[in-house]
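We're numbering straight along the sequence, starting at 1.
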Amino acid sequence: MKLLAISGSLRKGSLNTHLVQAAIQALPNGVTADLVSIADIPVYNEDLDGEDKPDAVVRLKEAVAAADALLIATPEYNYALPGGLKNTLDWLSRPAFKSVLAHKPAAIMSASKGPTGGARAQGQLKLVLAAVLAEAYPAPEFIVPQAQQSFTEDGVLTDDNVKTRLQRFVTDYIAWVEARFSR
Ligand code: FNR
């Protein structure tokens, strides 16, 4: 099985990028994941969404289409998912209901410096995934509150509690994808 991993944060030292990288390291044997950047995706403009789409969009669409499932880590910006991630999903969402996201399994997680761990952003992200007919993994929210305490500066996950939860989350997600979507 091959996953595509996306972090909704572009910054160096992103806790969400650290989290999704830790999730990739925790994947069971035989499951691989590529982490893609959304930094080059332009602001959505329907005029550009014709035959000749921006290169970064074409590349990302191909990567999503080729993946068996998605792994998305989102920050929470002002109680919502970041504009850059929403914008990326908007590009991926066309043609409506027949896009590369339709029926694609997706697990979501969030890391935040605050006490609610990005849970509100996850609620919104789930709504967007529902709109594009993606299949959000229906597990309780995987959140890492006060995540700056769980990772070293260079992104090593040092929090044993989060490590244990993350291992269980990705293992259960892969089992769910296999049970529900294996052909
Ligand atoms: C934040 N942050 C934040 N945290 C939170 O739990 N709820 C929120 O609504 C917000 N709002 C918010 C807005 C903006 C514009 C920024 C820059 C930050 C703090 C956020 O959790 C923190 O900066 C994380 O470190 C962002 O994720 P990355 O970049 O580390 O992955």
Side-chain angles (χ1 to χ4, degrees), residues 3-11 13-24 26-27 33 35-39 41 43-44 60 64 67-94 96-151 157 159 161-177 179-181:
L3 305 193
L4 191 76
I6 297 175
S7 169
S9 174
L10 307 187
R11 76 179 180 95
S14 156
L15 294 163
N16 284 280
T17 306
H18 294 341
L19 176 60
V20 83
Q21 282 170 330
I24 290 170
L27 286 168
L35 176 60
V36 286
S37 169
I38 60 170
I41 303 292
V43 174
Y44 186 80
L60 186 59
V64 172
D68 296 304
L70 305 178
L71 205 51
I72 304 175
T74 183
E76 180 172 292
Y77 284 176
N78 301 312
Y79 293 7
L81 76 160
L85 180 57
K86 172 63 162 57
N87 177 65
T88 298
L89 294 171
D90 291 339
W91 273 111
L92 295 173
S93 73
R94 311 305 284 178
F97 313 122
K98 293 178 192 146
S99 77
V100 290
L101 290 173
H103 314 298
K104 188 71 68 179
I108 64 180
M109 54 186 77
S110 58
S112 155
K113 289 181 181 164
T116 54
R120 290 168 292 217
Q122 288 201 31
Q124 294 202 333
L125 179 51
K126 278 190 180 161
L127 199 62
V128 176
L129 292 175
V132 301
L133 303 184
E135 305 273 352
Y137 177 44
E141 277 77 11
F142 189 92
I143 59 169
V144 186
Q146 270 115 25
Q148 72 279 18
Q149 295 169 15
S150 296
F151 293 91
L157 177 58
D159 183 326
N161 176 273
V162 175
K163 262 190 212 173
T164 304
R165 287 197 295 120
L166 189 60
Q167 186 75 59
R168 196 180 309 135
F169 181 78
V170 295
T171 304
D172 290 352
Y173 174 50
I174 298 305
W176 177 78
V177 173
R180 181 137 185 213
F181 299 92

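Closest of all the heavy-atom pairs between Val20 and Ala73 is CB-CB, 3.9 Å. The two residues Ala102 and Phe97 make their nearest non-hydrogen contact at CB-O, 3.7 Å. Among all heavy-atom pairs drawn from Thr17 and Ser9, the shortest one is OG1-O, 3.7 Å. Scanning both residues, Leu129 and Ala106, for their nearest heavy atoms gives CD1-CB, 4.2 Å. Taking each heavy atom of Pro82 and Gly8 in turn, the nearest pair found is CG-O, 3.9 Å. Of all heavy-atom pairs spanning Gly114 and Ser112, the tightest one is N-OG, 2.8 Å.
Inter-residue side-chain proximity for Leu60 and Thr88 is flagged as met; some heavy-atom pair is nearer than 4.5 Å. Within the 4.5 Å cutoff, no side-chain heavy atoms of Phe181 are placed close to those of Asp68. Residues Val144 and Leu15 fail the side-chain proximity criterion, which asks for heavy atoms closer than 4.5 Å. Counting only heavy atoms from C-beta outward, the side chains of Val36 and Ile6 approach each other to under 4.5 Å.
Using a distance-only test at 3.5 Å, with no hydrogens or angles considered, no donor-acceptor pair links the side chain of Ser14 to the main chain of Leu10. Between the side chain of Asn16 and the main chain of Ala111, a donor-acceptor pair closer than 3.5 Å is present. Looking only at distances, a side-chain donor or acceptor of Asp159 sits under 3.5 Å from a matching main-chain atom of Asn161.
In this structure Lys104 satisfies the salt bridge (Lys or Arg N to Asp or Glu O under 4.0 Å) test with no other residue, sequence neighbours excluded. Looking at residues two or more places apart in sequence or on another chain, you find no salt bridge (Lys or Arg N to Asp or Glu O under 4.0 Å) involving Lys113. Residues passing the salt bridge (Lys or Arg N to Asp or Glu O under 4.0 Å) test with Arg94, sequence neighbours excluded: none.
With Arg168 as the partner, the side chain to side chain contact (heavy atoms under 4.5 Å, CB included) test is satisfied by one option alone out of Thr164, Thr171, Val170: Thr164.
Taking the six-membered ring where tryptophan is involved, the planes of His18 and Phe151 are tilted, since the angle between them lies from 30° to 60°. Ring orientation note: the planes of Tyr137 and Tyr173 are tilted relative to one another, at an angle of 30° to 60°.
Taking CD1 of Ile143 as the reference point, atom CD of Glu76 lies at 9.5 Å (rounded to 0.5 Å). Note that CD1 of Ile108 and CD of Glu141 are 7.0 Å apart. Values are rounded to the nearest 0.5 Å. Residue Leu19 holds its CG atom at 11.0 Å from OG1 of Thr74, rounded to the nearest 0.5 Å. The CG atom of Leu35 sits 11.5 Å away from the CG atom of Leu3 when rounded to the nearest 0.5 Å. The NZ atom of Lys126 lies 13.5 Å from the CG atom of Leu81; values are rounded to the nearest 0.5 Å. Atoms CG and CD1, on Asn87 and Ile38 in that order, are 8.0 Å from each other to the nearest 0.5 Å.
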- Item | Worked verdict on Val177 versus Glu135 for side-chain contact (heavy atoms from CB on, under 4.5 Å) | CA-CA 10 Å; Val177 173; Glu135 305 273 352; over 6 Å; no

- Query: Which is it for Val128 and Gln124 under the side-chain contact (heavy atoms from CB on, under 4.5 Å) test, yes or no, and what are the steps along the way?
  - Reply: CA-CA 6 Å; Val128 176; Gln124 294 202 333; 5.6 Å; no

